[in-house]
Amino acid sequence: MENTVTVNPSDGERRKVVVITGPTGSGKSKLAVDLASHFPVEVINADSMQVYRGLDVLTNKLTLSQQNGVPHHLLGTVNPNLEFTAKMFRDSAIPIIHDILARKHLPVIVGGTNYYIQALVSPFLLDDSAEDMTENCSGIKQSDNSFIDENDSSNDSYDLLKDIDPVAANRIHPNNHRKINQYISLYARTGVLPSKVFQGKAAEKWGQVDNLRYDCCFICVDASLPVLDRYVERRVDCMMDAGLLNEVYDIYNLNADYTRGLCQAIGVREFEPLLRTCVVEDIYRREKELTEGSSIEKDETLFYGNLMEWLRSSSDTKSIILLEEAIEKVKVNTRRLVRRQKRMLSRLQTLFGWKIHYVDSTESISSKSDDVWTGQVVESAMKIVRSFLSENGSLSSTSGMSNDTEMKIIQRDLWTQYICKACGDRVLRGLHEWEQHRQGRGHRKRISRLKSKVQGLSFVEQKLEYSECE
């Protein structure tokens, strides 16, 4: 291990931190461990599901052997029933970073949960402003928030937010119940509209590269979508063989809240119809055997060994169909997650001016070659980190934006919600995301088909049709 690099900054300089991000399946965690052969690395997990205890197979946590002796923090340490927010992650990670630096080691933040990373490196967070306003409003009568039901998953909360603050409501998806309730709670405690929080200096500081808490080196491990799609599908199959279904069955609750804690993980809710059937059958069997006076072990369950194998070997056609449908849903939702993560990284570059160094793992994933991984991914990342650590100040490419660029970012459209009728009422948030969607191949194809479809309409009808879609 090379220990010749300087990790601790001199007085007056921001502390250096390496951030490894990228879409799921690209190889982030493996790269962090491999970098420990060249630098005194300690890893801080920034995956919103891997922070929780349990579901190690489903969340794809590194095993102890895979960690290869590299210290990992915030990995499988949080109560699975707790809602571990971005603020909680930030408040937990900051003292860990300080301790790592005190040991003259290099903090490496690793994960695909970009809002965790953004909360950690940015000096501004919505929750902080809310707390400040609460303290400053001590002389003002606080609103009663007893009308807020944290478990309400209906449209009532979103309608309430639209009545209170339509600008804030347009910023978030109607199904984002946690954020909706957070905004309503903020208004109830302070009387200040959530959209007002993101005005003035707060909006200027949020996520800007020249205002980051640390001197950050952002590395994105990325791969082409077709390769990632095939890889994550194979990985889901491997997880199923490794006992994923047993893990989910063990934590299954008939009244589970899929909007909180570990239950939000992809691969939990998708199996709900299947597991509900299994649990009901298990309860029925137990009651029947107890009624007939049969002896039954306390921990005996409906199946023995691997639940997936048991289901596939059974003659229950309905359960087999539910199993295959659930597996396909996991694969589809994982592919969607990959695309969301890629879009978010693009936004961090375009809207916030983050300089992200991309390392391509496409060939190493396709070839499954350790030599290709080492030569193309590890070596490239190692050069980036070494260059970053050798500089006294911040990376020149990540600071010193022009005034014009700064003004464009300050004036960025973060709140407006756009709805694309042509793409099935798809919701896009912010002008940048909307423009990217309009330029996308899928949107253009739908518009082209729609134009062909309405060729026979009158000019006025066509104009009305196009205006709804554009």
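Atoms considered below: every heavy atom in the structure, side chains included; atoms not considered: hydrogens, waters and symmetry mates.
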Next on the checklist: Less than 3.5 Å apart, any donor N or O on the side chain of T59 or K61 sitting next to an acceptor on the other?
Outcome noted: yes
Checklist entry - Can you tell me how far CG of N114 sits from CG of L345, rounded to the nearest 0.5 angstrom? => result 4.5 Å
Next on the checklist: Between R234 and D237, does the salt bridge (Lys or Arg N to Asp or Glu O under 4.0 Å) criterion hold? Intermediate values first, please.
Outcome noted: CA-CA 5 Å; R234 291 196 304 268; D237 292 332; over 6 Å; no
Item to check | Close side-chain approach of V221 and Y358, heavy atoms under 4.5 Å | outcome: no
Checklist entry - What is the distance from atom CZ of F89 to atom OG1 of T113, rounded to the nearest 0.5 Å? => result 8.0 Å
Item to check | Approximate separation, where rounding is to 0.5 Å, of N68 CG and L62 CG | outcome: 10.5 Å
Item to check | D229/K331 under salt bridge (Lys or Arg N to Asp or Glu O under 4.0 Å): CA gap, chis, key distance, verdict | outcome: CA-CA 9 Å; D229 285 345; K331 293 178 179 179; over 6 Å; no
Item to check | Side chains of D257 and T259, donor plus acceptor under 3.5 Å | outcome: yes
Next on the checklist: For D222 and S361, which I'm curious about, is there any donor-acceptor pair between the side chains at under 3.5 Å?
Outcome noted: no
Checklist entry - Hey, are T334 and R235 close enough side-chain-wise for a donor-acceptor pair under 3.5 Å? => result no
Next on the checklist: We want to know whether E270 and N333 form a side-chain donor-acceptor pair, criterion being a heavy-atom distance below 3.5 angstrom.
Outcome noted: yes
Checklist entry - Does the ring of Y214 carry K16 above it, NZ/CZ under 6.0 angstrom from centre and within 45° of its axis? => result no
Next on the checklist: Working to the nearest 0.5 angstrom, can you tell me the gap between F271 CZ and L323 CG?
Outcome noted: 6.5 Å
Checklist entry - Side chains of Y52 and Q264: do they bring a donor and an acceptor to under 3.5 Å? => result no
